[in-house]
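To keep things clear, I will list the structure first and then write my remarks on it.
Convention: sequence-line order gives letters A, B, ...; per-chain numbering from 1.
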There are 2 protein chains.
Amino acid sequence: MIRLLLAEDQGMMRGALALLLGLEEDFEIVAQVGDGEEILPKALETEPDAALLDIELPGRSGLDAAADLRERLPGCRVLILTTFGRPGYLRRAMEAGASGFLVKDGPVEELAAAVRRVLAGERVIDPALAAAALSAGPNPLTQRERDVLAAAVDGATVADIAARVHLSPATVRNYLSAAIGKTGTRNRMEAVRAARQNGWL
Amino acid sequence: MIRLLLAEDQGMMRGALALLLGLEEDFEIVAQVGDGEEILPKALETEPDAALLDIELPGRSGLDAAADLRERLPGCRVLILTTFGRPGYLRRAMEAGASGFLVKDGPVEELAAAVRRVLAGERVIDPALAAAALSAGPNPLTQRERDVLAAAVDGATVADIAARVHLSPATVRNYLSAAIGKTGTRNRMEAVRAARQNGWL
DNA sequence: GGCCCGCCATGACATTTGTCCTGGCCGCGC
DNA sequence: GCGCGGCCAGGACAAATGTCATGGCGGGCC
């Protein structure tokens with residue numbers, strides 16, 4: 001019997017996946033969570049064989065949770081299941097010790113198969129996405145540049161960003177300028193979009 | 001037997017919902033589409049009793065498709081199923097003649113029940129969302145203001161927007177200023193976010 | 001030790017952006 | 001007819017933004 005933990009914030013998606021995987025003879029969903037903070041506690045409590053994690057979660061990113069799991073529950077395989085096939089996400093997932101990376105497009109049939117293959121020791125990764133991740137190269141942004149960009153997503157002014165990150169407004173502008181340069185864009189919003197597109201945030 | 005059409009772009013979600021609804025004794029999924037353009041042709045071909053439509057679709061919005069269906073296939077009830085419970089979406093869905101409006105949070109069990117209730121002639125709407133839609137009031141933005149805002153989403157400059165909408169840069173700035181004023185925001189990006197938040201785009 | 005980075009900050013500067021005002025052109029309602 | 005509002009454009013001005021140069025601080029690496 002394969003014991004599964006399922007982390008997904010959209011209630012309907014979570015319920016549908018749980019029902020679906022529950023239909024498989026050898027699968028058992030031992031935990032369902034909708035918040036990233038709950039993943040580790042629930043996993044420690046139920047000790048699943050595999051965890052199916054969404055990335056964009058309230059509370060704590062599925063990628064961070066994956067790293068937690070590798071450290072605290074090494075016997076549990078981690079599968080990332082996400083809407084967006086961003087190269088940087090795949091890279092971070094691999095660095096966090098994930099065994100599989102699936103996108104929410106593609107047929108549901110893949111899902112159970114992927115879980116089984118991961119449990120058998122295989123790595124499951126979309127080949128096209130793997131190629132994209134390699135060709136895209138690593139994240140060129142420094143920590144601070146990421147912080148500042150992340151604080152700029154919702155159209156905040158320099159002053160707002162400076163307050164959020166506890167920096168001088170002038171420094172913020174310098175980091176923004178650097179990020180704009182590195183992403184090859186023309187203004188902060190384009191830089192934010194480019195960084196998100198690549199999974200660099 | 002209730003004949004259903006299902007429109008949803010995420011393959012995994014679409015497959016999961018189809019399997020799930022297919023489990024109901026009296027449901028039959030007669031068509032599945034992942035593109036908004038395909039909704040009307042498929043519906044005319046299969047003549048379903050109800051259509052379950054996502055809003056954010058490639059090709060054509062689920063809201064526009066809903067209007068198409070009301071006009072060309074009045075016997076078909078329309079249920080909108082969307083990730084975002086934006087007040088403006090609900091309003092537009094009602095104006096397009098939809099009988100139900102569900103958000104993708106909330107349990108899957110609601111889904112089949114909602115379809116049955118809609119087929120029985122009821123309207124199915126999240127009460128909290130209905131209240132929000134009423135309190136938010138109608139869309140205050142004019143057509144041109146929406147156009148210009150929509151063209152500004154990805155951090156385009158005034159010149160870019162002007163080229164896209166075939167307007168003078170000065171006019172674009174005026175429309176942006178008007179949109180910023182009407183949304184009560186401080187710059188174009190905040191205006192874009194506010195407008196999207198309310199489903200005004 | 002010297003060198004390279006990342007980090008933080010400031011000043012100066014050109015460009016872009018947001019605001020306000022003026023004006024003209026239409027269509028609609030009273 | 002008159003007023004109102006949406007549509008289009010331009011000018012003038014203040015504020016925000018993006019760039020560049022300069023400087024100091026600290027930690028790695030050879």
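- The interatomic distance linking B:R144 (CZ) with C:dC26 (C1') rounds to 14 Å, in whole Å.
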For nucleotides 18-26 of chain D, read 5' to 3', which letter fits each nucleotide if B means a protein heavy atom sits under 4.0 Å from the base, S means only the sugar-phosphate is that close, and - means neither?
-> BBB------
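- Atom-to-atom, CD1 of B:I161 to P of D:dC8 comes out at 15 Å; the value is rounded to the nearest Å.
- No salt bridge links A:E47 with A:R3; every basic N to acidic carboxylate O contact stays at or beyond 4.0 Å.
- Among the nucleotides D:dA9, C:dC8, C:dG6, the one closest to any side-chain atom of B:T171 is D:dA9.
- For the residue pair B:T157 / B:D160, a side-chain donor-acceptor distance below 3.5 Å is found, with atom types taken as modelled.
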Chi angles and distances behind the salt bridge (Lys or Arg N to Asp or Glu O under 4.0 Å) call for B:D26, B:R116 | CA-CA 10 Å; B:D26 49 344; B:R116 275 188 258 268; 2.6 Å; yes
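- Under 4.0 angstrom from either OP1 or OP2 of C:dT17 there lies no side-chain N or O belonging to B:T157.
- Nearest heavy atom pair, residue A:M12 against residue B:D105, reads CE-O, 3.8 Å.
- In this structure, A:N139 places its CG atom 15 Å from C1' of C:dG6, rounding to the nearest Å.
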Let me see the working for B:R188 and B:D154 under salt bridge (Lys or Arg N to Asp or Glu O under 4.0 Å), right down to the final yes or no.
-> CA-CA 11 Å; B:R188 75 180 64 176; B:D154 49 359; over 6 Å; no
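- Going from atom CG of B:L141 over to atom P of D:dC7 covers 11 Å, rounded to whole Å.
- The phosphate of C:dC5 has neither OP1 nor OP2 within less than 4.0 Å of any side-chain N or O from A:T142.
- Remark: P of C:dG6 and CD of A:E145 are 8 Å apart, rounded to the nearest angstrom.
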Quick one: do B:K42 and B:E38 satisfy salt bridge (Lys or Arg N to Asp or Glu O under 4.0 Å)? Show the steps, please.
-> CA-CA 6 Å; B:K42 275 281 183 188; B:E38 299 173 22; over 6 Å; no
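- Between the P atom of C:dG6 and the CG atom of A:D147 lies a distance of 14 Å, rounded to the nearest Å.
- One can place CD of A:Q143 at 11 Å from C1' of C:dG6, the figure rounded to the nearest angstrom.
- A salt bridge links B:D68 with B:R60: at least one charged nitrogen is closer than 4.0 Å to a carboxylate oxygen.
- C:dT17 atom P lies 19 Å from atom OH of B:Y175, rounded to whole Å.
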